[in-house]
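To keep things clear, I will list the structure first and then write my remarks on it.
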Amino acid sequence: MNTENKNNILQETEYNGGYLNGFLMILIDICLWGSVPFLFYQTFSEDQYGEVICNPWLLTAAIVATLCAIIFSCGFTMLEPNEAKVLTFFGKYVGTFRKTGFYWINPFMTTKNVSLRARNLNAEPIKVNDKTGNPILIGLVVVWRLKDTYKAIFDIDTDISASGQVGNAAGARMNRFEKFVAVQSDSALREVAGMYAYDDDDNYDDNQVTLRGGSAEINEVLTDKLNDRLAMAGLEVMEAHINYLAYAPEIAAVMLRRQQAAAIITAREKIVDGAVSMVKMALDKLDDENIVELDDEKKAAMVSNLLVVLCADEPAQPVINSGTLNH
């Protein structure tokens, strides 16, 4: 039985205890405060000899009315949409109150306000090593919210007694949650960044997922990693994506030259492919229309000249051949 009770407590439950409409309790409280002076006035009276007589029953009623008025004045609470109150009764968790509106709850309960609204965390870029060991700068944006109020309040330290923000306890508590998310986001981002290469490399498969090219899959893995780390705190990551990615300054220039070289090689490959197809088309058209007959030596010279003209970076310098083909 003890094990069963323990399992039932260690999770969030809705508050099923008593509560009343706040406006109704204001009316009752006003009536109580109004009855207190009347009861005290009626408690004391004079007999026929002029002596003051105290009615013990009216005195008891006046004291009870005063105590009830004081107690009823202390239990008012108001909740806006996507807010909740974690209730404890002398240290025992009794549930989470989520009803929106103005209510009166047992004033002997301790309440801790939390916000269930979504929040953003824009983490500053950090320096890590990717899968190939290259130092990179990477940052992320996380959209998170509080999901399990029990875990958030009782499973991690959110004590705000020394924070100096007594007037805004809910905000101070949410700031503690945000710091917790920031630390775990840093750890998860370092782990995910070390699982992938920054960009494609000749030594790896062309179908590999990279940080620069596989944004959708990387963001999904990052979200899963964060949810695994934040589940113990009752927090949920709704979305996480990389918003900054670059090589570290010490290798940025070298990697830029590497990318430029790769781009030049790719462009040259396309130029050569186009030039070869154009030369082939020219030779085939000359043969099909019998414009001129070329032997193998002339064809080789023509191919060489056309490739030079088509593949050169600078404009070709024309050379006029004054000889004849039969020479």
Looking at [Y], is its backbone amide N or carbonyl O close enough to the side chain of [X] to form a donor-acceptor pair, meaning the two atoms are under 3.5 Å apart?
| X | Y | answer |
| --- | --- | --- |
| Asn219 | Ile242 | yes |
| Ser35 | Leu32 | yes |
| Arg173 | Asn113 | yes |
| Arg117 | Pro81 | yes |

message: Taking atom CZ as the centre, does Phe89 end up with more than 12 heavy-atom neighbours from other residues, nucleotides or ligands that are less than 6.0 angstrom away?
response: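 For Phe89, atom CZ is crowded (more than 12 foreign heavy atoms under 6.0 Å).
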- request: Count the heavy atoms of every other residue, nucleotide or ligand shown that sit under 6.0 Å from CE of Met232, and state whether that count exceeds 12.
  value: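 Yes, the 6.0 Å shell around CE holds more than 12 heavy atoms from other groups.
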query: Out of curiosity, Leu20 CG to Ile28 CD1, how far, rounded to the nearest 0.5 Å?
result: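 Rounded to the nearest 0.5 Å, the CG-CD1 separation comes to 7.0 Å.
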query: Just how far is it from atom OH of Tyr93 to atom OG1 of Thr88, taken to the nearest 0.5 Å?
result: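 Output value for this atom pair is 10.0 Å.
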query: Which salt bridge (charged side-chain N to carboxylate O under 4.0 Å, His left out) pairs, counting each pair once, include a residue from residues 120-129, with sequence neighbours left out?
result: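 Applying salt bridge (charged side-chain N to carboxylate O under 4.0 Å, His left out) to every pair that reaches into residues 120-129, excluding sequence neighbours, yields Lys127-Glu250.
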- prompt: So which pairs with a foot in residues 213-227 pass salt bridge (charged side-chain N to carboxylate O under 4.0 Å, His left out), sequence neighbours left out?
  reply: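 Qualifying pairs: Glu191-Lys225.
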Single-linkage hydrophobic cluster, 4.5 Å side-chain cutoff, [X] and [Y] together:
| X | Y | result |
| --- | --- | --- |
| Phe97 | Met174 | no |
| Leu189 | Val181 | yes |
| Leu235 | Phe154 | yes |
| Val192 | Val143 | no |
| Val86 | Val94 | no |

For residues [X] and [Y], determine if any side-chain heavy atom of one lies less than 4.5 Å from a side-chain heavy atom of the other.
| X | Y | result |
| --- | --- | --- |
| Arg119 | Arg145 | no |
| Asn120 | Val142 | no |
| Glu236 | Trp144 | no |
| Leu146 | Ser115 | no |
| Asp130 | Tyr196 | no |
| Lys131 | Met195 | no |
| Asp186 | Arg190 | yes |
| Phe180 | Ile156 | yes |

- prompt: Going by the angle between their ring planes, with limits at 30° and 60°, are Phe90 and Phe108 parallel, tilted or perpendicular?
  reply: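 Parallel.
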message: side-chain contact (heavy atoms from CB on, under 4.5 Å), that's the test. Do Leu226 and Leu140 meet it? Break it down for me.
response: CA-CA 12 Å; Leu226 282 170; Leu140 84 162; 4.3 Å; yes
- request: Measure across Leu39 and Ala62 and return the closest heavy-atom pair with its distance rounded to 0.1 Å.
  value: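 Looks like CB-CB, 3.7 Å.
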- prompt: How close do Thr96 and Ala84 get, heavy atom to heavy atom, and via which atoms?
  reply: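 That would be CG2-CB, 3.8 Å.
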- request: Kindly indicate, with the supporting measurements, whether the criterion side-chain contact (heavy atoms from CB on, under 4.5 Å) is fulfilled by Leu87 and Thr110.
  value: CA-CA 6 Å; Leu87 306 178; Thr110 302; over 6 Å; no
message: With ring pair (Phe, Tyr, Trp, His ring centres under 6.0 Å) as the test, pick out the partner of Tyr19 among Trp104, Phe102, Tyr103.
response: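 Checked Trp104, Phe102, Tyr103 against Tyr19; only one passes ring pair (Phe, Tyr, Trp, His ring centres under 6.0 Å): Tyr103.
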message: Quick one, Ile138 with Ile126, criterion side-chain contact (heavy atoms from CB on, under 4.5 Å). Give me CA distance, side-chain angles, the key distance, then yes/no.
response: CA-CA 6 Å; Ile138 186 170; Ile126 59 175; 4.2 Å; yes
message: Salt bridge or not between Lys151 and Glu12? Use side-chain N to carboxylate O under 4.0 Å.
response: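 Salt bridge: no.
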message: Please determine whether a side-chain nitrogen of the Lys or Arg among Glu83 and Lys99 lies less than 4.0 Å from a carboxylate oxygen of the Asp or Glu.
response: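 Judged by the 4.0 Å cut-off on N to carboxylate O distance, Glu83 and Lys99 do not form a salt bridge.
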query: Will you find, in the side chains of Asn243 and Asn122, an N or O donor that is under 3.5 Å from an N or O acceptor?
result: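 The criterion, which ignores hydrogens and geometry beyond distance, is satisfied for Asn122 and Asn243.
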field: Steps toward side-chain contact (heavy atoms from CB on, under 4.5 Å) verdict (Leu116, Thr149)
entry: CA-CA 9 Å; Leu116 306 179; Thr149 57; 4.2 Å; yes
Pair up each side-chain donor or acceptor in residues 70-79 with any protein partner under 3.5 Å, not counting sequence neighbours, and list the distances.
| unit_1 | atom_1 | unit_2 | atom_2 | d |
| --- | --- | --- | --- | --- |
| Ser73 | OG | Asp29 | OD1 | 3.4 |
| Ser73 | OG | Asp29 | OD2 | 2.6 |
| Ser73 | OG | Trp33 | NE1 | 3.2 |
| Ser73 | OG | Ala69 | O | 2.6 |
| Thr77 | OG1 | Lys85 | NZ | 3.2 |

